[in-house]
Protein chains: 2
Amino acid sequence: MTDLQPAVKAGKRERLVDAAVQVFYERGVEKTTIADIAKVADVPVGNVYYYFKTKDQLIEAAVEAHRRRLGHLLEELDRLGAPQERLRGLIAGWVDLRDQAAQFGCPFGTLASEMDKRPDVLDAEIAATMRVLVDWSQRQFAEMGREDAAELGVALIAAYQGISLLTNTFRDPSLMKVEGDRLARWIDSLAA
Amino acid sequence: MTDLQPAVKAGKRERLVDAAVQVFYERGVEKTTIADIAKVADVPVGNVYYYFKTKDQLIEAAVEAHRRRLGHLLEELDRLGAPQERLRGLIAGWVDLRDQAAQFGCPFGTLASEMDKRPDVLDAEIAATMRVLVDWSQRQFAEMGREDAAELGVALIAAYQGISLLTNTFRDPSLMKVEGDRLARWIDSLAA
DNA sequence: GTCTATACCACGATAGAC
DNA sequence: GTCTATCGTGGTATAGAC
């Protein structure tokens, strides 16, 4: 927050956010208690409230963490040469995490879905984070010379969110693999 | 359950299930209280427990209701002539409900997503219901002569689940419309 | 800044009168 | 079968000692 915080404080706060991201993902936000997060972060329960006054603030911090993580991933992908390669790189990352998806779904999509039902948390933060991903995809399609880049970007992210849900519902990681291969072929077929 | 129940009893039970389906959808399962459902169904709170001993039983009844509703929808679509027409009919239904999707997401997808986080409820029921939809889609693609019907059926339902999530996250019904049109064109392009 | 003990409340579920 | 009143549990949040 402000400058020059003692290292210990920064460490605890960070551990709490990391724990929140993890436990929200695995157990769901509604079923997660502050005590669950405190335990994983190895911080006494009451002390959590020194860093986050409410559970909602912890959720917001978790969303922020997702946004940062996503930003870094896309920076990595931007180093790849052609837009097709970057898109295929994104898909490859999804397929790599297919076992996780089968267990818990998409780390951010499940959060977005749950947060829609929680009116007090700012949807704006969730939507903005999802938009980072959609915008990036649309930019790649545009660089490929596609006039319909806008709808293709949406379609790609939707395909991922949807196959994450099905992979999770059927607990079958191979669904993600098959769909990833199909999407990669589709992208190659779109080259202008 | 057993035969020859008085009409009044059947009426109340049915009202409770209808209310559960509606409120679970709009407010989310975790945030919904028995009192919420009782109120919408116009049944006194304590009386709910005469029909359903636990909240989980109410959830199971709601899933069952989704399965029945889905079964009827697919029967309707089966009356249409060609498999392409049936698939386009399915998509048209999704697009018609785009405003609802923007508000609350896919009625069944959001439930499936939430139930993954609730270990006590039988996933089997959820997966079986989703499978009805996937199987039906795969059958249509197979009738169109596609060898890859299995992956196309999964891809179609995933596309719908994903665009429902994005439509909801961005609160923008037009996303569903644009993706629906794209999917319809895609299906036509697949005709053997 | 750290941690324990606890206030307070909401919800699921039950007891028992009618 | 119907309904009211209430219990018990568990979770968020706080008070206040250290």
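None of these values were measured; they are calculated from a predicted model. Numbered from 1 within each chain, the chains take letters A, B, ... in sequence-line order.
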For nucleotides 16-18 of chain D, print each protein N/O atom paired with a nucleotide N/O atom at under 3.5 Å, atom names and distance only.
none

Exercise: identify the closest heavy-atom pair between [X] and [Y]:
{"X": "A/V48", "Y": "A/I34", "result": "CG1-CG2, 3.8 Å"}
{"X": "A/Q138", "Y": "A/G153", "result": "CG-CA, 3.7 Å"}
{"X": "A/A142", "Y": "A/A149", "result": "N-CB, 3.4 Å"}

How many whole angstroms separate atom [atom1] of [X] from atom [atom2] of [N]?
{"X": "A/F52", "N": "D/dT12", "atom1": "CZ", "atom2": "P", "answer": "15 Å"}
{"X": "B/Y49", "N": "D/dC7", "atom1": "OH", "atom2": "P", "answer": "16 Å"}
{"X": "A/R13", "N": "C/dT2", "atom1": "CZ", "atom2": "P", "answer": "13 Å"}

Does A/Q161 reach the side chain of B/T169, with side-chain heavy atoms less than 4.5 Å apart? no
Just wondering, do B/I37 and B/F24 contact through their side chains at under 4.5 Å, heavy atoms? yes
Any A/Y51 side-chain nitrogen or oxygen under 4.0 Å from OP1 or OP2 of C/dT2: yes
Report yes if at least one side-chain N or O of A/Y50 is closer than 4.0 Å to OP1 or OP2 of C/dG1; otherwise report no. yes
So, are B/R86 and B/E143 salt-bridged, with charged N and O less than 4.0 Å apart? yes
Looking at A/R118 and A/D56, does any basic side-chain N land under 4.0 Å from a carboxylate oxygen? yes
List, one per line, each side-chain donor-acceptor pair under 3.5 Å for residues 173-180 of chain A, sequence neighbours excluded.
from: A/S174; atom 1: OG; to: A/D172; atom 2: OD1; distance (Å): 2.7
from: A/S174; atom 1: OG; to: A/D172; atom 2: OD2; distance (Å): 3.3
from: A/K177; atom 1: NZ; to: A/D181; atom 2: OD1; distance (Å): 3.3
from: A/K177; atom 1: NZ; to: A/D181; atom 2: OD2; distance (Å): 3.1
from: A/E179; atom 1: OE1; to: A/R182; atom 2: NE; distance (Å): 2.9
from: A/E179; atom 1: OE2; to: A/R182; atom 2: NH2; distance (Å): 3.0

Please tabulate, one pair per line, all N/O donor-acceptor pairs under 3.5 Å involving side-chain atoms of residues 58-77 of chain A, not counting sequence neighbours.
from: A/R67; atom 1: NH2; to: A/E125; atom 2: OE1; distance (Å): 2.6
from: A/H72; atom 1: ND1; to: A/R68; atom 2: O; distance (Å): 3.4

Going from CE on A/M130 to CD1 on A/I126, what distance comes out if it is rounded to the nearest 0.5 angstrom? 8.5 Å
Compile the donor-acceptor pairs under 3.5 Å between side chains in residues 87-107 of chain B and protein atoms, sequence neighbours left out, one pair per line.
from: B/R88; atom 1: NH1; to: B/D188; atom 2: OD1; distance (Å): 2.6
from: B/R98; atom 1: NH1; to: B/V95; atom 2: O; distance (Å): 2.9
from: B/Q100; atom 1: OE1; to: B/Y25; atom 2: OH; distance (Å): 3.3

Give the residues of residues 54-65 of chain A touching DNA chain C, defined as any heavy atom closer than 4.0 Å, sorted by residue number. none
Can you sort out which residues in residues 25-39 of chain B have a heavy atom within less than 4.0 Å of DNA chain C? Ascending by number, please. B/T32, B/T33, B/I34
